[in-house]
Amino acid sequence: MSDTEHPESDNRPSNFIRNIIDVDLKNNKNDGQVVTRFPPEPNGYLHIGHAKSILLNFGIAEDYNGHCNLRFDDTNPHKENIEFVEAIKKDVEWLGCNWGDKVYFSSDYFDPLYDFAVQLIKKEKAYVCDLNAEEMREYRGTLIEAGKDSPFRNRTVTENLDLFARMKVGEFEDGSKVLRAKIDMASANINMRDPTLYRIRHGVIHHQTGAEWCLYPMYDFTHCISDALEGITHSICTLEFEDHRPLYDWFLDTLETESHPQQIEFSRLNLEHTITSKRKLTELVENGHVEGWDDPRMPTIAGLRRRGCTPAALREFIQRIGVTKSDNVIEMAVLEGCIRDDLNKNAPRRMAVLHPLKVIITNYPEDKEELLEAANHPQDESFGMRKLPFSRELYIDQEDFKEVPPKKYKRLIPGGEVRLRNSYVIRCDEVIKDSDGNVTELRCTYDVDTHGKKPEGRKVKGVIHWVSVRHAIEAEIRLYDRLFNHPTPDNSKDGKEYADHINPDSLRTLTHCYLEPTLSEATPGDQFQFEREGYYSLDLLCQAGNKPIYNRTVTLRDTWEKITKR
RNA sequence: UGGGAGAUCGUCCAACGGUAGGACUACGGACUCUGACUCCGUCAAUCCAGGUUCGAAUCCUGGUUUCCCAGCCA
């Protein structure tokens, strides 16, 4: 902690939702309690948009000494499964959120929900309707025309009670009957035009309740009641549910539940060059555009993790983008900046050559080798030192030698000198080429008096990385780029679909890369800065034969590239 | 006049009737055994038109424009 005046209040996010809560607290609403919830449907993996919601809800709970429930909104067993439940728990935990002892499920409330539905029927606020899906759509009207009442709208309480009970025990086929709320078919808000409460689904095995039910409640009915039963005070959701708030309130008012949570809507996260639609992410996986939900190119939390993004970086990102009700598209640079900030501070430095070019140090004895000390972090001594073997034959990167250098180039050129990082200054004496004129090898000499000191009588500006051929570890390195070429592939307004904007070069695999030998000690998930290249993470899952695989998390900022592009 | 919501630098977020501020990006410079990091600096915005007010991003009126809604999905 520094000596700032208010060390506590510095880092607290402030946004309109927290402002609302502050006012509620001042008025002693909810007895001063703050209880939130994160309610994912287990029908896919969580993505970066969910991270916003998770960190918002859990963050508020933490800062206000409240609690945030993890609740699976599992009312549609057809699409949901236990794999997704487990994946979601893993991701929320990885983000550093603590849901306490109990994981909640909407399906925990199937019994009370059924009783509430009965209550609604008794209040003449719900009825069993025999219209099929198509008929119901016709009766619903349009955005600008009122709907009309279902012919089944005026069934008696007794008849509705009987029918609903028989729906429950399985007397009717899928789709033949639904339970609907009786509200107003002429409402300007389509959600209020007698929304469906329950549908019949035979033969699906629910991951929590098995085959116990053939009747499943709908979102609008389930969500508000689940919130109320859990004593949620602030039910925070995304903007598309704004239209549903009157319905949320209608259920809780009509049923006179003990508590009446307040629904508050915020705008969802949109990130440039990616998509955050669960449906479309599912398609990317199922159509083989990516290798799975945790493909490092995916904006899923699992993908980000495998790519090497850290929870701290993601948290910082979510904090930086803020929370409002306005539509937004966040530049990828914001996320990358957060990742770089975190990894710059926390990733030890290593050397790795991605595009090897052999260098022979002709004045270095063949059988000699040295161990050169190198700092693991240039700004943080606590990272300690490591020893790098140096020998006669080295690899440097092809990019670090140019026979015909562009302006301002300060790496190796024929007859020129360059510093080998953590090592000596070498001079390029001879360029060896193959029959096609490609440079295949460099013959250099080293200045023995330049290790740990500046060369005498001249300045050497360039510093390049290297590895010793004899000691190097061969590795596969995967370079990831944006998954989509268009900044808003979802909504490109050029008549094309998101899939048309997939970047064919989103993955480049380099199979003959060479790493410094200390990397043999790395374990999956470890993150490093490969100096002058970027941040890389040892893959969590794969190995290419006996070669390790490193995923590029993000490049270093590259002003040289900017200069050369001009 | 179907309903609901939004509009502030290129991007994201502040300013809650009193000097339009921060972050990211971009650009320029310093430093450097990472063309990184760090540091310093520069550019850059209130959707429009009226009105109220000593004073308006903020309040009022009228426009413009963007997003969401017609699942037995959530």
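Chain letters run A, B, ... following the sequence lines, proteins first and then strands; every chain starts at 1. Every value quoted in this text rests on a predicted model; they were computed, and no experiment measured them.
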Considering only the P atoms, how many Å lie between A15(B) and U53(B), rounded to the nearest integer?
27 Å
- Message: Does either side chain, that of R349(A) or that of H465(A), offer a donor lying less than 3.5 Å from an acceptor on the other one?
- Response: no
For R350(A), the side-chain hydrogen bond (donor to acceptor under 3.5 Å, both in side chains) test, sequence neighbours excluded, returns N376(A), T518(A)
| task | Determine the contact category for R201(A): base if any of its heavy atoms lies under 4.0 Å from a base atom, sugar-phosphate if only primed atoms, P, OP1 or OP2 are that close, otherwise nothing. | result | base
| Which whole number of Å gives the distance between the C1' atom of G55(B) and that of A70(B)? | 48 Å
Just to be sure I understand the rule, does D174(A) reach a base, reach only the sugar-phosphate, or reach nothing, if contact means heavy atoms closer than 4.0 Å? nothing
* Asked: Taking atom C1' in both U25(B) and G6(B), what distance in whole Å separates the two?
  -> 24 Å
Determine the contact category for E331(A): base if any of its heavy atoms lies under 4.0 Å from a base atom, sugar-phosphate if only primed atoms, P, OP1 or OP2 are that close, otherwise nothing.
-> base
Here RNA chain B, pairs taken as Watson-Crick or G-U under 3.5 Å and shown with ( ), [ ] when crossing and | when to another strand, reads .((((((..((((....[..)))).(((((.......)))))....(((((..]....))))))))))).....
Expected list for residues 377-385 of chain A near RNA chain B, using heavy atoms below 4.0 Å, is P378(A), Q379(A)
ask   = Reckon L131(A) touches a base, only the sugar-phosphate, or nothing at all at heavy-atom distances under 4.0 Å?
value = base
With sequence neighbours left out, the residues meeting side-chain hydrogen bond (donor to acceptor under 3.5 Å, both in side chains) with D400(A) are R411(A), R532(A)
* Asked: How is V323(A) classified with respect to the nucleic acid when contacts are heavy atoms under 4.0 Å: base, sugar-phosphate, or nothing?
  -> sugar-phosphate
Salt bridge (Lys or Arg N to Asp or Glu O under 4.0 Å) filter on R140(A), not counting sequence neighbours, yields none
Sorted by chain and number, sequence neighbours left out, side-chain hydrogen bond (donor to acceptor under 3.5 Å, both in side chains) with E399(A) holds for none
Heavy-atom nearest nucleotide on RNA chain B taken for T142(A) and for E242(A); more 5' hit belongs to E242(A)
| message | Would I318(A) and I54(A) count as a side chain to side chain contact (heavy atoms under 4.5 Å, CB included) here? Give the steps. | response | CA-CA 10 Å; I318(A) 296 302; I54(A) 292 167; over 6 Å; no
G29(B) glycosidic conformation (syn if within 90° of 0, otherwise anti) is anti
- request: Using a heavy-atom cut-off of under 4.0 Å over every strand shown, decide if N344(A) touches base, sugar-phosphate, or nothing.
  value: sugar-phosphate
Judged by nearest nucleotide, the residue sitting upstream toward the 5' end of RNA chain B, P40(A) or K493(A), is K493(A)
Worksheet item: Roughly how far apart, to the nearest Å, are U8(B) and A14(B) at atom P?
Response: 11 Å
Those residues at least two apart in sequence (or on a different chain) that pass salt bridge (Lys or Arg N to Asp or Glu O under 4.0 Å) with D490(A) are K280(A)
Checking all strands, does N43(A) fall into the base, sugar-phosphate, or nothing category for heavy-atom contacts under 4.0 angstrom? nothing
Open item on the list: Would you say E283(A) and Y498(A) are linked by a side-chain donor-acceptor pair, where the criterion is simply a distance under 3.5 Å?
Closed with: yes
Residues at least two apart in sequence or cross-chain that pass side-chain hydrogen bond (donor to acceptor under 3.5 Å, both in side chains) with R137(A), listed by chain then number, are none
Note to self: Taking any heavy-atom pair under 4.0 Å as a contact, classify R349(A): base, sugar-phosphate, or nothing.
What the structure shows: base
Its 5'-most and 3'-most nucleotides having an atom under 4.0 Å from a non-hydrogen atom of chain A, RNA chain B is contacted over G2(B) to A74(B)
> What does D243(A) touch in the nucleic acid at a heavy-atom separation under 4.0 angstrom: a base, only the sugar-phosphate, or nothing?
Replying inline: base
Practice problem: Scan Q529(A) against the nucleic acid and name what it touches under 4.0 Å (heavy atoms): base, sugar-phosphate only, or nothing. | Solution: base
Report task. Using distance alone, with no hydrogens and no angle criterion, decide if D194(A) and Y139(A) have a side-chain donor and acceptor under 3.5 Å apart. Result -> no
Under a plain distance cut-off of 3.5 Å, with no hydrogens placed, do E531(A) and Q529(A) share a side-chain donor-acceptor pair? no
Sorted by chain and residue number, the salt bridge (Lys or Arg N to Asp or Glu O under 4.0 Å) partners of R386(A) (sequence neighbours excluded) come out as E516(A)
Roughly how many Å apart are A26(B) and U65(B), using the P atom of each and rounding to a whole number? 34 Å
Practice item. Look at all strands and tell whether I330(A) reaches a base, only sugar-phosphate, or nothing, counting heavy atoms closer than 4.0 Å. Key: sugar-phosphate
| message | Does K461(A) reach a base, just sugar-phosphate, or nothing at all? Heavy atoms under 4.0 Å. | response | nothing
Rounded to whole angstrom, note down the C1' distance from C27(B) over to C69(B). 44 Å
| task | Taking atom P in both A57(B) and G18(B), compute the distance separating them and give it to the nearest angstrom. | result | 10 Å
Residues passing the side chain to side chain contact (heavy atoms under 4.5 Å, CB included) test with L371(A), sequence neighbours excluded, are K387(A), P389(A)
Residues passing the salt bridge (Lys or Arg N to Asp or Glu O under 4.0 Å) test with R482(A), sequence neighbours excluded, are none
- request: Quote, to the nearest angstrom, the C1' distance that separates C37(B) from U58(B).
  value: 41 Å
Q: Determine the contact category for R411(A): base if any of its heavy atoms lies under 4.0 Å from a base atom, sugar-phosphate if only primed atoms, P, OP1 or OP2 are that close, otherwise nothing.
A: base
Just checking R419(A): base, sugar-phosphate only, or nothing, at a heavy-atom cut-off of under 4.0 Å?
-> base
